[in-house]
Amino acid sequence: MAEETLLYEGKAKKVFATSDPGVVRVLYKDDATAFNGEKRGTIVGKGAINNQMSNLLFRYLEEHGVPTHFVEEVSERETLVRKVEIIPLEVVVRNLAAGSFSKRFGIEEGTVLERPLVEFYYKNDALGDPLVTDDHALILHLATEKDLAELRRLALAVNDLLIQRFREAGLILVDFKLEFGRLPSGELVLADEISPDTCRLWDERTREKLDKDRFRRDLGGVEEAYQEVWARLKGGVAR
Ligand code: UDP
């Protein structure tokens, strides 16, 4: 087998070159981090679940008109994706108050927001990924006006589609984070992943947390929560 060229290693993934310069191979790890890398651990089976769940959702979004980087799943933990230049903004969409939003504004977790909220965070570990306004993003040259409008439009379209898909699995989509990348053509496409690492998902009946908050907040049952989300989505049905 040809030598593998590791292009990048992040907290949860490794990215390798392929024979096609326009395509890279992503390998999902079981490593988990929180609070900007301060808390570390392993969630057994997470890599395989996040990979397959992300791919299921990216295919679903593609079918509904959202462009993504997805090319082909090559194993439980590995996927080929189009090589993109990542926009250095994390795009967070919120339907219910939770996490940093609840903390920042003193609003109780679970409060339903009157409409979906889109926030941008500057992807910069050294700075702790600060929240940025549109003007910050423009003045720091993180994105153009046109990009910001497109990111907002795509994020809201993804939100509508995901709310529906998760509802069918008996899950409430509280909030989530997206990343986008630019193709050589200039087109913005959805990149990174959509998984319990990047979404807050609550059981629709019990409101039990079935996502990375179980790891962040030491709630126990972390592996089981990831498996439950994946089983429900794959089954495609409410219980
Ligand atoms: N999120 C993420 N990566 C980050 C920060 C946030 O995937 O680096 C996700 C997080 O899982 C949640 C949403 O974005 O679904 C909003 O996160 P929040 O701003 O509330 O921050 P947190 O409380 O997770 O620190």
Once rounded to the nearest 0.5 Å, what's the spacing between atom [atom1] of [X] and atom [atom2] of [Y]?
X	Y	atom1	atom2	value
Asp30	Ile49	CG	CD1	9.0 Å
Glu90	Asp129	CD	CG	4.5 Å
Met53	Tyr226	CE	OH	9.0 Å
Leu183	Lys83	CG	NZ	12.5 Å
Asp134	Asp147	CG	CG	11.5 Å
Asp211	Phe176	CG	CZ	13.5 Å

Would you say [X]'s side chain and [Y]'s backbone share a donor-acceptor pair under 3.5 angstrom?
X	Y	answer
Arg77	Tyr28	yes
Arg232	Gly170	yes
Lys13	Gly47	no
Thr18	Val23	yes
Arg104	Gly99	no
Arg214	Gly220	yes

Check whether [X] and [Y] end up in the same hydrophobic cluster, where Ile, Leu, Val, Met, Phe, Trp and Tyr are linked by side-chain heavy atoms less than 4.5 Å apart.
X	Y	answer
Leu171	Leu162	yes
Tyr122	Ile139	no
Val189	Leu56	no
Val81	Val15	yes
Phe101	Leu131	no

Crowding at [atom1], [X] (>12 non-hydrogen neighbours, <6.0 Å):
X	atom1	answer
Arg115	CZ	no
Lys103	NZ	no
Glu76	CD	no
Glu85	CD	no

Under the side chain to side chain contact (heavy atoms under 4.5 Å, CB included) criterion, do Val66 and Leu161 qualify, and how do the steps go?
CA-CA 10 Å; Val66 176; Leu161 290 163; 3.8 Å; yes
Does any non-hydrogen side-chain atom of [Y] lie less than 4.5 Å from one of [X]?
X	Y	result
Val91	Phe120	yes
Ile172	Leu96	yes
Ile194	Cys199	yes
Glu228	Pro196	no
Leu61	Phe70	no
Lys39	Asp218	yes
Leu233	Phe166	yes
Arg182	Val84	no

Evaluation steps, side chain to side chain contact (heavy atoms under 4.5 Å, CB included), between Asp192 and Lys177
CA-CA 10 Å; Asp192 194 44; Lys177 183 262 305 178; 3.0 Å; yes
Residues which pass side chain to side chain contact (heavy atoms under 4.5 Å, CB included) with Asp31, listed by chain and number, not counting sequence neighbours:
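Testing Asp31 for side chain to side chain contact (heavy atoms under 4.5 Å, CB included), a comparison that skips the adjacent residues, returns Lys29.
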So, are Lys209 and Glu109 salt-bridged, with charged N and O less than 4.0 Å apart?
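Answer for the salt bridge query: yes.
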Exercise: identify the closest heavy-atom pair between [X] and [Y]:
X	Y	answer
Gly128	Asn36	CA-ND2, 3.5 Å
Ala34	Phe215	CB-CE2, 3.9 Å
Ala97	Glu108	CB-O, 3.6 Å
Tyr121	Ser100	OH-OG, 3.5 Å

Inter- and intrachain pairs under side chain to side chain donor-acceptor pair (under 3.5 Å), touching residues 46-60, at least two apart
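Of all non-adjacent pairs touching residues 46-60, those that pass side chain to side chain donor-acceptor pair (under 3.5 Å) are Lys46-Asp197, Asn50-Glu193, Asn50-Ser195, Asn50-Asp197, Asn51-Asn55, Asn51-Thr79, Asn55-Glu73, Asn55-Thr79.
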Exactly one of Ile87, Leu148, Leu89 should register a side chain to side chain contact (heavy atoms under 4.5 Å, CB included) with Leu142. Which one does?
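Only one of Ile87, Leu148, Leu89 forms a side chain to side chain contact (heavy atoms under 4.5 Å, CB included) with Leu142, namely Leu89.
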Under 3.5 Å, is there a donor on one side chain and an acceptor on the other for Ser75 and Arg25?
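No, no side-chain donor-acceptor pair sits under 3.5 Å.
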Worked check of salt bridge (charged side-chain N to carboxylate O under 4.0 Å, His left out) between Asp125 and Lys11
CA-CA 11 Å; Asp125 282 342; Lys11 292 169 213 156; 3.4 Å; yes
List the steps and the verdict of side chain to side chain contact (heavy atoms under 4.5 Å, CB included) for Val118 and Val92.
CA-CA 6 Å; Val118 179; Val92 168; over 6 Å; no
